[in-house]
*Asks:* 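Got a structure here, written out as structure tokens. Questions coming.
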2 protein chains.
Amino acid sequence: METETAATPGVDRMRGGALGEDLSFLLARANAVSVASANAALAPFELRVRSYAVLAVVAEDARPSQRDLSEFLRLDPSQVVALVDDLQSRGLVAREQDPRDRRARVIVVTSAGRALFGRAREATANAERALHGALSTREREQLSGMLHRLAFGA
Amino acid sequence: METETAATPGVDRMRGGALGEDLSFLLARANAVSVASANAALAPFELRVRSYAVLAVVAEDARPSQRDLSEFLRLDPSQVVALVDDLQSRGLVAREQDPRDRRARVIVVTSAGRALFGRAREATANAERALHGALSTREREQLSGMLHRLAFGA
DNA sequence: TATTGTTATACTCTATAACTATA
DNA sequence: TATAGTTATAGAGTATAACAATA
């Protein structure tokens, strides 16, 4: 048994390989770490990253249609239905009729939703600090800008 | 009907909101774009990002155990079984006995696997260029370094 | 007693197609 | 004819637990 002295030698070797510099792979692995951490932080609130994201948008009074949420969160419209159904059944958001388009539903936050979001936001912020603490403030700004371009196109 | 003149006004509004600067959210969205693009590029080879990653590691003769792959790719050991089963049934990789540990299987690439990887790598590289083209070479290096730290810890 | 690979199972996420009511 | 929301379904990804062989 030798995995005790030299910790994960096989993995360290692979980190120096071709994938270790592949932006797509690093993006995927960093995201997997991030999602796992965020979901753990959100578990006490019975939220996950996707439902948290919906709550975050409506909590700042963006008054999005489900179609807006679908595009912004990059989810299929049918997934938005399920997410809003869940949040609405828990009294955290509500569907309002858009007076300008009777097909569209405007999603708004309730006071309970706003309160839960406030607590959830604090929990995720703490979890993120632990993860991104290795980066300086300036680095975080640079990273944010570059990811924004990749996420939404040039 | 007004969604023609001003393209996606709702989404643009949300991009300036709180989530638009949230590193975890940007990471998730950028990764979703990246994965979709890579999977499309890999489809002609009947590969997906996960099976491509396995192939990439073994194609550089890292000779990993399934446990090594599990840790490096952040997959459950049972998922590695399924991925290797698939690649092995297609003659792209093989399981070898580790002479130093009869429990472990060393995963090696076959000549067919190496050939397929070469073509798949070209296809994904082209797709990535289209996505990351907005970033300068220097920015890509910075991004790679920061993501590496997030992906593998400080 | 701990670890490698394996099987099994359940849950979450993703992707597609079709339907309704409106525009 | 096209779009917003909805329903249904299947496939991919994630997470957990248990087991046999070996260390």
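Order of the sequence lines sets the chain letters (A, B, ...), proteins ahead of strands, with each chain counted from 1.
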*Asks:* Does C:dA21 have its OP1 or OP2 closer than 4.0 Å to a side-chain nitrogen or oxygen of A:Arg103?
*Replies:* no
*Asks:* Rounded to whole angstroms, how far apart are CG on A:Asn31 and P on C:dC13?
*Replies:*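 Rounded to whole Å, this separation is 12 Å.
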*Asks:* Give one of base, sugar-phosphate or nothing for A:Ser65, where a contact means two heavy atoms less than 4.0 Å apart.
*Replies:*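 Sugar-phosphate contact only - A:Ser65 comes under 4.0 Å of backbone atoms but never of a base.
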*Asks:* Please check if atom CD in A:Glu96 has more than 12 non-hydrogen atoms from other residues, nucleotides or ligands closer than 6.0 Å.
*Replies:*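 Correct, the count exceeds 12.
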*Asks:* Between atom CZ of A:Arg121 and atom CZ of A:Phe45, what is the distance when rounded to the nearest 0.5 Å?
*Replies:*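 So the CZ of A:Arg121 and the CZ of A:Phe45 are separated by 13.5 Å.
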*Asks:* Tell me which of B:Asp76 and A:Ser78 sits closer to the 5' end of DNA chain D, going by the nucleotide each one is nearest to.
*Replies:* A:Ser78
*Asks:* Considering only side-chain heavy atoms of B:Gln66, which listed nucleotide, C:dG5, C:dA23, D:dA23, is closest?
*Replies:* C:dG5
*Asks:* Taking A:Val49's backbone N and O only, do any of them form a donor-acceptor pair with A:Asn39's side chain (distance below 3.5 Å, no angle check)?
*Replies:*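 At least one qualifying donor-acceptor pair exists.
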*Asks:* Measure the distance from CG on A:Leu69 to C1' on D:dT6 and round it to the nearest whole Å.
*Replies:* 15 Å
*Asks:* Measure from the side-chain heavy atoms of B:Val81 and tell me the nearest of D:dA4, D:dA23, C:dG5.
*Replies:* C:dG5
*Asks:* Between A:Leu47 (CG) and C:dC13 (P), how many Å, whole number?
*Replies:* 12 Å
*Asks:* For A:Leu83 and B:Gln79, find the nucleotide of DNA chain C closest to each by heavy atoms; which residue's nucleotide sits nearer the 5' end?
*Replies:* B:Gln79
*Asks:* Just to confirm, is there a sub-4.0 Å distance from OP1 or OP2 of D:dG13 to any side-chain nitrogen or oxygen of B:Arg50?
*Replies:*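 For D:dG13, OP1/OP2 do have a side-chain N/O of B:Arg50 under 4.0 Å.
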*Asks:* To the nearest Å, give me how far apart CZ (B:Arg102) and P (D:dA23) are.
*Replies:* 5 Å
*Asks:* Taking the side chain as C-beta and beyond, is there a heavy-atom pair between A:His132 and B:Ser24 under 4.5 Å?
*Replies:* yes
*Asks:* Please check: side-chain N/O of A:Arg114 versus main-chain N/O of A:Val58, any donor-acceptor pairing under 3.5 Å?
*Replies:*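 It does not hold such a pair.
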*Asks:* Whole Å only: how far is the CD atom of A:Gln97 from the P atom of C:dT22?
*Replies:* 9 Å
*Asks:* Using a cut-off of strictly less than 4.0 Å, decide whether B:Arg95 has a side-chain nitrogen or oxygen near OP1 or OP2 of C:dT6.
*Replies:* yes
*Asks:* May I have the distance from B:Arg48 (atom CZ) to D:dG13 (atom P), rounded to whole angstrom?
*Replies:*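 Whole-Å distance recorded here is 5 Å.
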*Asks:* Calculate the interatomic distance between B:Leu42 atom CG and D:dA12 atom P; express it in whole Å.
*Replies:*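 Between P of D:dA12 and CG of B:Leu42: 14 Å.
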*Asks:* Check the distance between D:dG13's P and A:Leu75's CG and give it to me in whole angstrom.
*Replies:*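 Taking atom P of D:dG13 as the reference, CG of A:Leu75 is at 17 Å.
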*Asks:* For a quick check of understanding: with a heavy-atom distance under 4.0 Å over all strands, which category does A:Asp98 fall into, base, sugar-phosphate or nothing?
*Replies:*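 Nothing: the residue A:Asp98, judged by heavy atoms under 4.0 Å, touches no strand.
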